Structure formats: C-alpha cells, structure tokens
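Following: one structure in structure tokens, then a few remarks.
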There are 2 protein chains.
Amino acid sequence: MTNKPTIRDVAKHANVSPATVSYVLNGVKKVSDKTKIRVLEAIEQLGYYPDFTAVSLSKRKSNLIGIMLPLTDDMPDNATASVLKNNLYYNEFISGVEMVAREQQFDTLLTGVADQEECRKWVKKRNLDGLIFLGIFPKSIFEQMSKLGIPIVLIDTYEEYTKLFNNVQIDDELGGYLAANHLIKLGHKNIAFVSTNLNLSPVDTKRFTGFKKALNEAGLEVNNHLLFETREITFENGMEIAEKILNENKELTGIVTVSDILAIGMIKAFQYHQKHVPNDFSIVGFDDLSISQFTTPSLTTIKQDIFKKGEKAAELLMNNIGDQGVERQIIELPVQLVVRESTKKIVSN
Amino acid sequence: MTNKPTIRDVAKHANVSPATVSYVLNGVKKVSDKTKIRVLEAIEQLGYYPDFTAVSLSKRKSNLIGIMLPLTDDMPDNATASVLKNNLYYNEFISGVEMVAREQQFDTLLTGVADQEECRKWVKKRNLDGLIFLGIFPKSIFEQMSKLGIPIVLIDTYEEYTKLFNNVQIDDELGGYLAANHLIKLGHKNIAFVSTNLNLSPVDTKRFTGFKKALNEAGLEVNNHLLFETREITFENGMEIAEKILNENKELTGIVTVSDILAIGMIKAFQYHQKHVPNDFSIVGFDDLSISQFTTPSLTTIKQDIFKKGEKAAELLMNNIGDQGVERQIIELPVQLVVRESTKKIVSN
DNA sequence: GGGTTTTGGTTAACCGGTTAACATACGTTT
DNA sequence: AAACGTATGTTAACCGGTTAACCAAAACCC
C-alpha cells in the first residue's frame, strides 16, 4: 500500500469496474448516485488521484502548455536561459501565464526554439495542449504550427498570418505616439528613437509609426540620424547606444525607447559621462517594469500590464483548449503614459 | 502519414519487431549492426522520434524536473506567480536550471506548494524525476519528500535534514561578514542589519552571524534597535524599512541588507526624503542581480552567482537521476564583495 | 557430433488511464 | 404481451512505448 493506488485499486475497493471509476472521475453521466458515492468514498479512502502521464497517453491531452521564446539564429541553442535571465519582460509575462494555468491544473513549460522542426517535435513529444508564442519569430514557423492542431496564442504579432491565431497585443502605435507626444509637449524638437531592428520587429515598427505620427502632427522632421537600432534588449546595449550618441555628438534632447531596459542602460551610460537625465536628455521607456519606479531617476514610460498580458494569453488558450469551435480572438490591452522623473520640460538656452 | 509515426510504424518499415526498435533507441546491445542500421534508416526516413508521454508511462521516468518555490501559509495558492514576478533572484536561478536541463532533454516545471501533501501529489501526478527546493520550507515537508524516492537538491538550506539531500549553497556567514566588514573599514560604527524573519530564515541567520562576527572583531556592539525584519523581499518592503528608520530617527550610517531588492527600495525611499546614499547612508546589498550595476547609485553588494547556482543544482540532480548510488553532495559557491557607489568612507563631522 | 553458450531477435504483458461496444434490468408504450 | 427505450454497468481494446521471458540459429567446446 506504499505505492500510489491506481484506478483498478479503487475499482476493486468499490466493487465496480475501472471504467465506472473513470466515468465518475470525468463526470460522465452513466453512473447512479448510489455507486457514484461508493466510488467517491473509495477514492477518498485510498487517497487516489489520477496519473497525468497515463491520462495524457490515452486522452492525448497533457494539461501542459508551452511558451515559445524566440532564438535568433546566431544564438546558441541554450540561449533561452540567457534571454530569460536578462529580460524582465518575459519574467512578468510568464508569471501571468502560470497564474491562470495553475488554476486549471495546467503546468507550463518553457522553451526557446531555433527552427520550426524543433518546435514541432517538442510539441509532439510532450503532447502539449496549447502554445504561446512570445516575441518575434520567422514567419515560416507559423505555417508549420498551424498544422499542429492545437490552439495557439500569439503575443505582439502583426503579420498577416495573425489571421489564423489568437492574439494578445497592445496598441503599440499609440504607445509610440504617446511617448513622442509627451516629449514634444515638453518642448523637445530633436528626438531620437531607439529600438531593435525595425525590419525584424513589427512591434517596434508600429511604435515607430506612432512616433512619426506625433512628430508630423507637430510639424517636426523625422531625422534618420536619430534612429538607433540594436540587436537585443539588454542594459549593456542601452549603454552602447548612449555612448554612440555621445561619441557622434548627436544634436538631440529627447529619446524614445522601446524598452525600460534600454532606457535604464542609457541613463547609466549618460551618468557615467557626466550627462544628466533629465537635464541633458529626457528619456521615455516602454513597458513599466516593476523596477522602473525604483531607478534614479525613476522612469517616465509607456506602461503596459505585462502580467495581465500573460493572464489573458493563458485564458484565451484555456478557452480554446476547452472547446474547439471558439472563434479566434484578438485582445488589445491598453497602454498609458506614466510620467516620472526621466523627462522634463526643455529650457531654451 | 500526416500523423506522427509510432514505434510500430518504424518496426514495420524496417521489418523488425517494435522491441528491436526500442532496443536500438535505448542503446541496448542486443541488435546486430546490420539491423541497427536498417532501423536507424527507417527512423530517419519516417522522421520518427519517441513520445515522451508513452516513455514516461512505461519507464516511470518523465524527463521532467520540478522546482518548488515556498509559499508562506498566509499567501493565496496562486502566490507562486507573484513571488516569481517580484523576485529577480528566482528568475536567474531558474534560468540556470533550464540551461542545464535542456541540454539533457529535460524540461522544467515550476510550482509553489503550500503543504507537503500537495507537493507529493504533484510529483506523482507528473512523474517528476527530480526536485529542487528553492527557498525556505517547513521542516516537515522534507520528511515526506525523502520517501518520494527521487533525487532532491536543496538550495540554501541549513537544517539537519540537509544530511539527507544534495545541497547547493554559498558561504552566507562569510557574506554577512564581508558586508559588515566593508562598512567598518569605511569607518561606520552604527550599522543596521535588514533581513527577513530570522526565526524563519536560516540563511539570513547565517548572514547575521557573520555580521555580528565582524562587529565583534572590531569591538562594536550589535545594537538590537538596528535590526530590521520584513516578511517578504520586495522593493516596497525596502522602502517601508527605510521610512521606519527615518521616522524613528535611528542613529546609523551603515546598512547591511540580505537582498539587492531591499537595498534598491531603501535607496529610493531615502532619496524621496532628501537623504543621500552614500552620503547619509552607506548600503550594502546582497546577490548582485543583473540590475544592480545599473541603478543609481550602483550597488555595493555581496555577489553570488545565482545563475551558476541553478546550473549546479541541475547538474547535481541530473547526476543523481542517472545513477542512483551517487553520494550526496554539498556544493558551496563563492561569495565576493563588489564595491560600487552605494557605500563610502564616513566623514567625521 | 552432441552439448552449451552466445548472439540476435520476437512475443506478449504491462504502465494507468479512456472509451466504444456490448449487456442486463427495468420501466414505457402500444 | 411483445417491442422498445433508458439507465447503469462491464468488457476489452487502445494510447505508444518498454522489457521480461522465450526462442532459433550460430558459435564454441571437448
């Protein structure tokens, strides 16, 4: 009796067949109240609970969902971990997913995938019930994925293949607009835009569109020399860009970034070179990570609720796992300008 | 052929029995080279790869490891997520685990567990192959866990039940010592110690021991009024403690904390009340999180390699999962004082 | 050349659930 | 009273692997 009891043990104990126990467990209405009670008692007495592995095998349902993180092709295979490590954004998102998933007896698996083949295999190997794609992926991967036959939720994705999947996103264009507009209102005229590669990131492109729109409305030129792209979102890369700005002696006072991480890195580099934020440069971040109100200066930023994004993504996924025919949905979460200390009114000198 | 091929498909294709394929897959030396090649070709041609669910069921091995996070009893069940969200420490650790696990085809599951029953069930349900306990748990849980029959690695644990399990830890006492000693060398005499509840956290107690040792060696009194405990490690709690220090008008110039998170929160609160770090207070953090060199002032802290801690934990676990008879091991990782901007020499006024 | 290993392979039960198909008893309908 | 649903179970195959037990042929031994 030291071993975990099986469904057959329960059946024997309640004097019914294993099938009946299974029916009780799954709420199939084929069992009389009298026997149902007997079975429930047996379950109680033996301390029985089902083995997910066995359930997975026979039901083809693992109660496992996967979160896919992008690996750019030049990253080593194990880059997942380092991406995770550095990017607080992922962290908050995943927490949100976990939260909702756990409530429904689901567990969450993480992976970074280099190519679609690997991804497909992972899904099949583990019998994953649903998938969340977090970040930017090569388009080709989605074609493959659509054949997998499991619900998929995309986060922050704008390509046309979006039409096939659920989507949780924010109004990135508005975000870019709000950030730029804030600086414009403060009197800034030479405003930089700091992002990842615009060719690769539709999200950043949207934000840039909003950025341009604000500038245009204010009658300002979008200066290509004030456009900075970096490969990855890390503190260090933020520093590099700041140094580049100083080295090249760019004429600018305002900076819009696509991430708090970049903004924090930039501020640090500026400080290092005796430049003051916000006196010399006003910087707007993006995301409003939990750290962002505790830096000095605290960050003016475009707030999005990343945690909720994760929750919504999980909810969408769970609904789709439940019943198939559900309509594909797009959820757009609000963004909001949060003014703190990293931006200030420009003083005409 | 749209469906994933099974081992029987491969068998048919190679004109052998499923058993033979299985033997090839598992490197059992019962197959001639000639047939082995045939089987391998069939696998290749069909694009076969095993179903982990089925393997789990028959082998009782899931290639899944679990990371247990502590839930204090007054937290709601879904507090895992919020713990994860707020504590960058966990984040880095988990990244390290993931890294090593993935290399060996393992996936990682996270959970917070309130009581041992829940934990035991989770392990059994998912057929977990190994477990990592990250943080402080009630002692009783370990007695239960030792009966589970799977390898276990404890992180930062000092109780005597440690004798039963593997352990990855740092020299916490040295850490506390180095932090206090650093402040003493800078001329500080009134030094506070900020931690979680010392009754509950052996780790913090060790650090406090080192702290006291440094003070004693320098002929300084350990003042109980300068001892601050908080329930949770969050930025906000750091702020609260700082405010308490200011409100109660404590006479102190140096502060040793058990976490960068607390230190960052404290610095922010001090700044808010027009106090300057390090001019008014010198603060030493603990951990050296990735953010800690980018705050202002950047943090003087006791560096530990959390990521490596995760890696080591996973390695230990993997070794134990491989062959059973391995000796229990304790790994102690180094700590190191990193001097940055949050501490400075005291000026006699 | 007959007996014994060794080599290389197959068969079939098993892991712990699920579920389609079948069986029986009982109440209803006509 | 025959025919037919309906409610309540059971049987047994199945999910996709693993592995103990068995077996035939070849190799080895005197």
Side-chain angles (χ1 to χ4, degrees), chain A residues 1 3-40 42-43 46-64 105 121 123-129 149, chain B residues 1 3-40 42-43 46-64 105 121 123-129 149:
Chain A
M1 195 41 68
N3 257 336
K4 183 179 175 323
T6 73
I7 202 170
R8 292 172 222 266
D9 295 328
V10 174
K12 217 164 288 174
H13 197 267
N15 249 312
V16 294
S17 72
T20 301
V21 179
S22 177
Y23 289 141
V24 170
L25 251 22
N26 291 287
V28 177
K29 32 124 213 58
K30 283 187 68 172
V31 189
S32 73
D33 287 353
K34 216 170 56 175
T35 34
K36 184 186 289 185
I37 289 174
R38 264 211 335 282
V39 169
L40 256 19
I43 288 175
L46 299 183
Y48 168 85
Y49 48 96
D51 180 321
F52 275 38
T53 308
V55 176
S56 295
L57 186 57
S58 66
K59 274 199 189 168
R60 273 74 245 302
K61 179 172 186 313
S62 59
N63 272 41
L64 239 34
Q105 298 253 50
K121 280 191 184 175
V123 170
K124 290 295 188 184
K125 267 196 231 174
R126 289 280 181 205
N127 263 304
L128 300 187
D129 295 335
Chain B
M1 196 40 67
N3 257 338
K4 183 177 175 325
T6 74
I7 202 171
R8 292 171 222 268
D9 296 328
V10 175
K12 217 164 288 174
H13 198 268
N15 250 312
V16 294
S17 72
T20 301
V21 178
S22 177
Y23 289 141
V24 170
L25 250 22
N26 290 288
V28 177
K29 32 127 212 55
K30 283 189 67 170
V31 189
S32 73
D33 288 353
K34 214 169 59 174
T35 35
K36 185 185 289 185
I37 290 174
R38 261 210 337 281
V39 170
L40 256 18
I43 288 176
L46 299 184
Y48 169 85
Y49 48 95
D51 179 324
F52 274 38
T53 308
V55 177
S56 295
L57 186 57
S58 65
K59 274 200 191 168
R60 277 71 246 301
K61 179 170 186 309
S62 58
N63 272 44
L64 239 33
Q105 298 254 48
K121 280 191 186 176
V123 170
K124 290 294 189 184
K125 268 196 231 177
R126 290 280 183 205
N127 264 303
L128 300 188
D129 295 336

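Within every chain, numbering begins at 1; the chains are lettered A, B, ... in the order of the sequence lines, protein sequences first and strands thereafter. Model, not experiment: these values are computed from the prediction.
Atom NZ in Lys34(A) sits roughly 17 Å away from atom P in dA7(D) (whole-Å rounding). Rounded to whole angstrom, the span from the OH atom of Tyr49(B) across to the P atom of dG17(D) amounts to 10 Å. Nucleotide dC15(D) holds its P atom 14 Å from the CD1 atom of Ile7(B), rounded to whole Å. Straight-line distance from the CZ atom of Arg60(A) to the C1' atom of dG16(D): 8 Å, rounded to whole Å. As rounded to whole Å, 9 Å separates atom P of dG16(C) from atom CG of Asn127(B). We find that NZ of Lys29(A) is positioned 8 Å from P of dA7(D), with the value rounded to whole Å. Between the NZ atom of Lys59(B) and the P atom of dA20(D) there is a distance of 12 Å, rounded to whole Å. One can place CG of Leu25(A) at 16 Å from P of dG9(D), the figure rounded to the nearest angstrom.
Mapping Leu57(A) and Asn26(B) onto DNA chain D by nearest heavy atom places Leu57(A) closer to the 5' end of the strand. Projected onto DNA chain C by closest heavy-atom contact, Val55(A) and Ala19(B) fall at different nucleotides, the more 5' of which corresponds to Ala19(B).
Side-chain N/O atoms of Thr53(A) include none lying less than 4.0 angstrom from OP1 or OP2 on dC15(C). Within the structure, a side-chain polar atom (N or O) of Ser22(B) is placed less than 4.0 Å from OP1 or OP2 of dT18(D). Residue Tyr48(A) places at least one side-chain N or O closer than 4.0 Å to OP1 or OP2 of dG17(C). Residue Thr35(B) places none of its side-chain N or O atoms closer than 4.0 Å to OP1 or OP2 of dG8(C). Look at Arg8(B) and you won't find any side-chain N or O under 4.0 angstrom from OP1 or OP2 of dC15(D). Using a 4.0 Å cut-off, no side-chain N or O of Ser58(A) falls inside it from OP1 or OP2 of dC15(D).
Side-chain atoms of Thr6(A) lie closest to dG16(C) of the nucleotides dT19(C), dT19(D), dG16(C). Nearest to the side-chain atoms of Asp51(B) among the listed nucleotides dT19(C), dG17(D), dG17(C) stands dG17(D). Comparing dT10(C), dG17(D), dC15(D) by their nearest atom to the side chain of Thr20(B) picks out dT10(C).
Heavy-atom neighbours of Lys12(B) NZ from other residues, nucleotides or ligands within 6.0 Å: at or below the threshold of 12. Other residues, nucleotides and ligands place more than 12 heavy atoms under 6.0 Å from the NZ atom of Lys125(B).
Here Val16(B) lies in heavy-atom contact (under 4.0 Å) with sugar-phosphate atoms only. At a threshold of 4.0 angstrom between heavy atoms, the contacts of Ser17(B) include nucleobase atoms, whether or not backbone atoms are also involved.
In this structure, Asn26(A) CG and Lys59(A) NZ are separated by 4.0 Å, a value rounded to the nearest 0.5 Å.
Between the side chain of Asp129(A) and the backbone N or O of Asn63(A), at least one donor-acceptor pair lies under 3.5 Å. Between the Lys4(B) side chain and the Tyr49(B) main chain, a donor and an acceptor come within less than 3.5 Å of each other.
Side-chain to base pairing of Lys30(B) with dG8(C): no donor and acceptor N or O lie closer than 3.5 Å to each other. A donor-acceptor contact under 3.5 Å is formed by the side chain of Tyr23(A) with the base of dA20(C).
Thr35(B) is not listed as a side-chain neighbour of Val24(B), based on a closest heavy-atom distance of 4.5 Å or more.
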